[in-house]
Amino acid sequence: MSEKRLLLIDGNSITYKAFFALINQVNSFINNEGIHTNAVFGFNNMLNIMLDKFKPTNVLVAFDAGKTTFRTEMYADYKAGRDKTPDELREQFDYVKELLKNRGIKYYQLDNYEADDIIGTLSKEADQLGFETTIVTGDNDLTQLCSDKTTVSISNRGVSGVVRYDTDYVKEIMGITPAQIIDWKALKGDSSDNYSGVTGVGDKTALKLVTQFGSVENLYEHLDEVSGKKLLEHLTEDKESAFLAKKLATINRDAPIEITVDDTVYDGDHIKELINFYREMNFRKFLSEMSADQVETMDKVNFVELNSDNVNDIDVKDGANVSFYLGMDGDNYHTADYIGFALKIDETNYISRNIELLMDDNLKALLESDKISKNVFDGKRTYVGLNRLGIKLNNVDFDLLLASYLLDTNDNSYDLGKVANRHDYFDVQSDEDVYGKGAKRAIPDDDILFDHFARKVNAINSLKDKLFDELKENNQLDLYRDVELPLSFVLARMEIAGVVINKDILISMKSKISEKLLEIKESIYNDAGEEFNIASPKQLGEILFDKMQLPVVKKTKTGYSTAVGVLEQLAPDYPIVEKVLEYRKYSKILSTYVEGLLSDIHVDNKVHTRYLQTLTQTGRLSSVDPNLQNIPVRTEEGRKIRQAFIPSENNWQIFSSDYSQIELRVLASISGDKNMQDEFIHNDDIHASTARRIFGLSDNSEVTPEYRRQAKAVNFGIVYGISDFGLAKNTGISRSDAKEFIEKYFAEYPGVKKYMEDSVNSAKEKGYVETILHRRRYLPDINAKNFNLRSFAERTAMNSPIQGSAADIIKIAMIKMEQELEKRNLKAKMLLQVHDELIFEAPSEEIEILEELVPKVMDSAVKLNVPLNVKSHYGNSWYSLK
DNA sequence: GTGTTCACG
DNA sequence: ACGTACGTGAACACC
């Protein structure tokens, strides 16, 4: 690669492109001073991509100086009739220039000339000096500058996608040389620049003429060779226009610019100024990206290194402000190694790698104190980590992770630095920046690690008041204090309790299923006439649809679809497909559940899942390592997995209670629909009642199972934010039938219809939707021009308050449930939550108590306008619940 | 790392 | 005209 690389950017063109690429988000890109910033943001994105790709030694951004140029002198209407630049864009040009200054990039404009001419003149000089030049623009005109050393990159889709033109590529797709672009434009004209060329000559004819004659001049010298009478007439009539157009289209490569290539040396970002600029613009993304460089500019952080000699000097007075961070290496805090800890007491930071200091009486008492409150990042993680050391973390007041998630469910990174950045706090780096990523990840030396840890507790401490203020502003303080924060410790204790797994059951299932799979596999190979990887959708597709010529039902982006729905359609006619379905079912059970679960068992013969409390967009929990919220239940073969989930003591039972139709009940309550409410109040079979209504039957006794099934699907659809297409696809009925059902449904349940409309309208107005406990979900796409994005946001606006409120309810029930068990001194333990279901283990003699207690607590968790309904079951394992 | 499939509510 | 059910996690193939 040449050591001299020049990047030339058409500033106006790229700023325009950036603005319109992000036009949908123009109103979410507003900085604190009310200035729109979407074009500046997009421009910078493009800049990053280009700097990274071309690694230029020299850069210049050229701007147009104004409306009047030498071209308007020649032709007064040049570029006339263009739409006025929107105000939201005009205000951004000065900021683009400021961005460039801070990025160490020169820019230039010249009276009477356009950006094109500056670029043309400089690229000519650069060609002579032996530079490799890249021109970036949104405008095809500049392709005329292509040469051996100069390429033109034209951004098409937004600003990140570019098409790169070099001499060969211009020739390949146009069939003419770069220089001939001018002749081509002279003949066809340019409507956006408002000049016409030759009447009746468009892209194609112009190309043909240029190919045949080489240039406008040569064409007019050989007009007699032109075929087509009409064309000849137009050419003759518009000769003057064509020559004017050629002049207008020609980029001036000798503009009287006062700079040379030497003046465009790129010296890199001015980091301190750039950070200030990004802050002014509210560009969190760019701030986080450069936080690795940022460390040099951060103020020094003081700390005291703790050891066994000075640990007892720490004296914490009541009312002290204490922040604590426990460092662990890896995500799974049930087993992760400790790295160290940081403690901030008022203005002093204490750091150590020696985790045993925490077990020293002094610090242990501090962490366990109910008098002195603590601030943390991820209280659940901290609680479990300390629990392993025999320390019971108590009195947590502020959890940065939880608060951040409640304010915006997208702020859910488990990396403290990233979360802090989202709240405009930049004096801490992300773990990724400090520890490295992937194979390069390593815990750094003490000086770097201690600095990082000190910054973490500083961040927690600094953000506390700000985030509490924001929670208050959003009316979310109760949700934080009464639900999420206490729940995090309930979850911690459930995770610590774990569930015993009977290994022997899984091991015996493993050999049985393996045998079965072997049999099915042989039979499939026999049918196919060859061996192949049945688990590979690609290979399977080739066997079924190419080799065996089965009818193609559906395709995916990458090939034939072999999803269950597709195979089920084919199964009755093709035995091999039936076998593939069998094979899929058993191999899923084997790999994900039997083998997967076996590998997650800890030394205590238990699985200790981790609930992710700050991940979902709706407020639900999720579960990982292992995921205990998707253990099979729908098919008997899969359900057998549950036999391995057993109580931890002899003569104990597994006990489970679940809400029936909680989401529909929530909908009935928040929509205020009287018909639906009545049906729940009378404890009717809701799906049967829906069937009666939408099929116009006189009584629920006329509802056949098929009617009920369809009505149930409609009820599901309603909760998901229904569309006729979706309902039709899911139930196999026609789209017009689906449409009719939905209309009938809304006529019968008018309150539901109104709720759906209100949800969407309120989301469009406020930008977010809320649950009964004020849990928020922001929907930035709700006003998008793109149909898909907007529709998705609209369905989300309908669904999230329902799904989220149901999540709110069970969370309250869990907190109350733990309190009740403790209050009554019961041995029973809450082990699992599966969205609408709570699972316990308990001594047999407590079952009777639970049968009354659990439904009572769950029923009364939240007061709705309809009753909640809870059903309970128990048995010797999670499988045999009766 | 992305896409497909399939397990759950 | 557009082209869609809501929310998740894990395994595997394939690049």
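Just the heavy atoms: all of them, side chains too, but no hydrogens, waters or symmetry mates, feed the values below. The chains referred to below are lettered A, B, ... by the order of the sequence lines, with proteins before strands, and numbering in each begins at 1.
A:D411 pairs by the salt bridge (Lys or Arg N to Asp or Glu O under 4.0 Å) definition with A:R422, not counting sequence neighbours. For A:K754, the salt bridge (Lys or Arg N to Asp or Glu O under 4.0 Å) criterion is met by A:D758, not counting sequence neighbours. With sequence neighbours excluded, the residues that form a salt bridge (Lys or Arg N to Asp or Glu O under 4.0 Å) with A:K640 are A:E636. With sequence neighbours excluded, no residue forms a ring-ring contact (aromatic ring centres under 6.0 Å, His included) with A:Y659. Every residue was checked against the salt bridge (Lys or Arg N to Asp or Glu O under 4.0 Å) condition with A:D546, not counting sequence neighbours, and none meets it. Among residues two or more places apart in sequence or in another chain, the side-chain contact (heavy atoms from CB on, under 4.5 Å) test is passed with A:A691 by A:F695, A:V703, A:Y707, A:A711.
A donor-acceptor pair shorter than 3.5 Å cannot be found between the side chains of A:Q643 and A:S877.
Residue A:G721 is out of contact with every strand shown, counting any heavy-atom pair closer than 4.0 Å. As judged by a 4.0 angstrom heavy-atom cut-off over every strand, A:I802 is placed among residues making no nucleic acid contact. Counting any heavy atom pair closer than 4.0 Å across all strands shown, A:S622 reaches sugar-phosphate atoms only and no base atom. Within the 4.0 angstrom heavy-atom criterion, no nucleotide atom of any strand lies near A:N786. If you check every strand for non-hydrogen atoms under 4.0 Å, A:V719 touches nothing.
A salt bridge between A:E582 and A:K579 is absent, with no side-chain N of the basic residue lying under 4.0 Å from a carboxylate O of the acidic one. Salt-bridge check for A:E663 with A:R620: passed, with a basic side-chain N closer than 4.0 Å to an acidic carboxylate O. Residues A:D331 and A:R610 are not paired through a salt bridge, judged by the lack of any N-O separation under 4.0 Å between the basic side chain and the carboxylate. Between A:K516 and A:E637 there is no salt bridge, since no side-chain nitrogen of the basic residue lies less than 4.0 Å from a carboxylate oxygen of the acidic one. A salt bridge is defined here as a Lys NZ or Arg NE, NH1 or NH2 lying under 4.0 Å from an Asp or Glu carboxylate O, and A:E794 with A:K764 meets this definition. Comment: A:K744 does not engage A:E740 in a salt bridge, judged by the lack of any side-chain N to carboxylate O separation of less than 4.0 angstrom.
With both ends at atom P, the span from C:dC2 to B:dT5 equals 25 Å, rounded to whole Å. When the P atom is compared between B:dC6 and C:dA5, the two are found 16 Å apart, to the nearest whole Å.
Counting only Watson-Crick and G-U wobble pairs whose two key distances fall under 3.5 Å, DNA chain C forms stems of three or more stacked pairs at B:1-9 with C:6-14.
Ring planes of A:Y560 and A:F545: tilted class, angle from 30 to 60°.
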If the sugar-phosphate is the primed atoms plus P, OP1 and OP2 and the base is the rest, what is the B/S/- string for nucleotides 1-9 of chain B, using protein heavy atoms under 4.0 Å? ---SSBBBB
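Heavy-atom distances under 4.0 Å link DNA chain C to A:L727, A:K729, A:N730, A:R735 of residues 727-758 of chain A, given in residue order. A heavy atom closer than 4.0 Å to some atom of DNA chain B occurs in no member of residues 706-713 of chain A.
Taking the side chain as every heavy atom from C-beta outward, A:I670 and A:V666 approach each other to under 4.5 Å.
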Side-chain donor-acceptor pairs under 3.5 Å in residues 507-514 of chain A, sequence neighbours left out?
| from | atom 1 | to | atom 2 | distance (Å) |
| --- | --- | --- | --- | --- |
| A:S511 | OG | A:S508 | O | 3.2 |
| A:S514 | OG | A:K510 | O | 2.6 |

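Using a 4.0 Å cutoff to heavy atoms of chain A, the contacted part of DNA chain C runs 5' to 3' from C:dC2 to C:dC15.
Comparing A:N788 and A:N799, the nucleotide of DNA chain C nearest to each residue sits closer to the 5' end for A:N788.
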